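Read through the structure below, which is laid out as structure tokens, and then see the notes.
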Amino acid sequence: MRPYPPEDLATFSEIEMADRFEPAFDLRDWIVETFLSEDSELFNADHAHLRDASLGVLWTNCDNSRNMRSVIGQAELMPPTAMGKWQKARAAQQVEEWFGEMPDFLLTFSAPAAHGMDDASFCALVEHELYHCAQALDLFGMPKFRKDGSPVFAIKGHDVEEFVGVVARYGSKAAGVEMMVEAAQRRPLIGEASIAGVCGTCMRAAA
């Protein structure tokens, strides 16, 4: 059984709730057991490098709309960056207080959105964020490690990013999305799901 968000975060009432973030330890454990464990029917070898990673997972009721789309999932590389020194230190302190350590990646999911998603769509959303959590590559395209042998992690962009109109006008090969189109034409391995445009990690790079 997949974990569901706390009821008070997932459902709206006439009384406006303050924006909240809550650690989701049960969801983190479920992610590890479902997608990273070789004993699971949904094990995905593409995420094997994450067995050496520390994951922090949050539920939130905070609305996050960007570029006229609602963001319902986001992956971030930790510790926090791209902010002033005090903001960075404050954010790092909060993350460590939540999880007792500084995780390698922080995954955040919208509680209201997840509450209403079917299983296949929710699994697709979680795996979408996991695919952003990558091991960095060296100059030769090989997995990168630190001197102590631990992996160096990074945020990965999409395999394919293109406008539908470009594909329609010039074809999948010219647009560089031929492999994605071929994959889309095959029967899904897991099930039907739609998560287009709901990832905050992707939205940060959208122009």
Side-chain angles (χ1 to χ4, degrees), residues 21-40 42-60 64 66 71-110 122-162 176-177 179-180 183 189 195 197-207:
F21 294 83
E22 292 188 6
F25 297 107
D26 57 342
L27 179 56
R28 180 187 62 185
D29 293 343
W30 177 83
I31 290 173
V32 172
E33 294 169 0
T34 303
F35 301 112
L36 307 186
S37 172
E38 294 184 5
D39 296 330
S40 171
L42 296 183
F43 168 70
N44 189 341
D46 290 347
H47 307 313
H49 59 282
L50 294 179
R51 285 180 291 192
D52 296 322
S54 172
L55 302 177
V57 183
L58 295 172
W59 290 119
T60 184
N64 186 7
R66 303 181 190 178
V71 171
I72 62 173
Q74 183 169 293
E76 300 172 79
L77 185 66
M78 292 286 106
T81 58
M83 56 182 72
K85 189 170 183 179
W86 279 4
Q87 293 101 319
K88 180 179 177 181
R90 185 176 64 228
Q93 177 183 331
Q94 177 65 80
V95 172
E96 289 179 341
E97 288 179 355
W98 274 329
F99 302 107
E101 62 176 358
M102 179 58 66
D104 296 303
F105 294 102
L106 180 63
L107 307 179
T108 305
F109 297 101
S110 166
F122 182 69
C123 286
L125 172 63
V126 171
E127 285 215 77
H128 183 106
E129 302 310 328
L130 290 178
Y131 270 111
H132 279 302
C133 302
Q135 186 169 354
L137 303 178
D138 62 21
L139 295 176
F140 304 99
M142 300 298 293
K144 192 174 182 180
F145 295 89
R146 297 185 179 87
K147 292 182 179 179
D148 62 3
S150 62
V152 177
F153 293 114
I155 291 292
K156 178 183 177 182
H158 292 150
D159 295 324
V160 175
E161 293 190 45
E162 188 50 274
V177 297
M179 291 180 65
M180 181 66 77
L189 296 175
I195 56 169
V198 296
C199 172
T201 311
C202 308
M203 292 297 213
R204 288 205 303 268

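Predicted model only: the values in this text are computed from it and were never measured. We use all heavy atoms of the structure for the numbers below, so side chains are in, but hydrogens, waters and symmetry mates are not. Position 1 is the first residue of the sequence, and the numbers go up from there.
In this structure, L50 and C133 have side chains that are in contact, with non-hydrogen atoms separated by less than 4.5 Å. When side chains are defined from C-beta on, W59 counts as touching F109, because their heavy atoms get closer than 4.5 Å. Contact of the E76 side chain with the T108 side chain is registered, since non-hydrogen atoms from C-beta on lie closer than 4.5 Å. Taking the side chain as every heavy atom from C-beta outward, V126 and L107 never approach each other to under 4.5 Å. Side-chain contact between V95 and M78: present, with at least one pair of heavy atoms (C-beta onward) separated by less than 4.5 Å.
Here N64 contributes atom CG and S110 contributes atom OG; the two are 9.0 Å apart, rounded to the nearest 0.5 Å. Between F122 atom CZ and L27 atom CG the span is 5.0 Å, to the nearest 0.5 Å. With rounding to the nearest 0.5 angstrom, the CG atom of L55 is 7.0 Å from the CG atom of L130.
For E96, the side chain to side chain donor-acceptor pair (under 3.5 Å) test picks out no residue, with sequence neighbours left out. Residues meeting the salt bridge (charged side-chain N to carboxylate O under 4.0 Å, His left out) test with R51, sequence neighbours left out: E38. By the side chain to side chain donor-acceptor pair (under 3.5 Å) test, T34 is found to be paired with W30, residues two or more places apart in sequence or in another chain being considered. With sequence neighbours excluded, the residues that form a side chain to side chain donor-acceptor pair (under 3.5 Å) with E22 are R20. With sequence neighbours excluded, no residue forms a side chain to side chain donor-acceptor pair (under 3.5 Å) with D26. Taking D29 as the reference, E33 meet the side-chain contact (heavy atoms from CB on, under 4.5 Å) condition, with sequence neighbours excluded. Listed by chain and residue number, M83 satisfy the side-chain contact (heavy atoms from CB on, under 4.5 Å) test with K88 (two or more places apart in sequence, or in another chain). The side-chain contact (heavy atoms from CB on, under 4.5 Å) test applied to D39 returns S37, not counting sequence neighbours. In this structure, the side-chain contact (heavy atoms from CB on, under 4.5 Å) partners of P23, at least two apart in sequence or on a different chain, are F25, L58, W98, F99.
The two atoms that bring G141 and L137 nearest to each other are O-CD2, 3.8 Å, heavy atoms only. Smallest separation of non-hydrogen atoms from G73 and L125: CA-CD1, 4.3 Å. P80 and A92 get closest at one heavy-atom pair: CG-N, 4.0 Å. Heavy atoms only, all atoms of each residue included: A134 and K156 are closest at CB-CB, 3.6 Å.
Checked against a 6.0 Å centroid threshold, the rings of F43 and F35 do not count as neighbours.
Side chain of Q135 to backbone of P143: no donor-acceptor contact under 3.5 angstrom is found.
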Checklist entry - N44 and E127: side chain to side chain contact (heavy atoms under 4.5 Å, CB included), yes or no, with the steps? => result CA-CA 9 Å; N44 189 341; E127 285 215 77; 2.8 Å; yes

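Side-chain contact annotation: H132 with Q74, donor-acceptor N/O pair under 3.5 Å absent.
Listed by first and then second residue, the salt bridge (Lys or Arg N to Asp or Glu O under 4.0 Å) pairs that reach into residues 98-107 come to none, sequence neighbours excluded.
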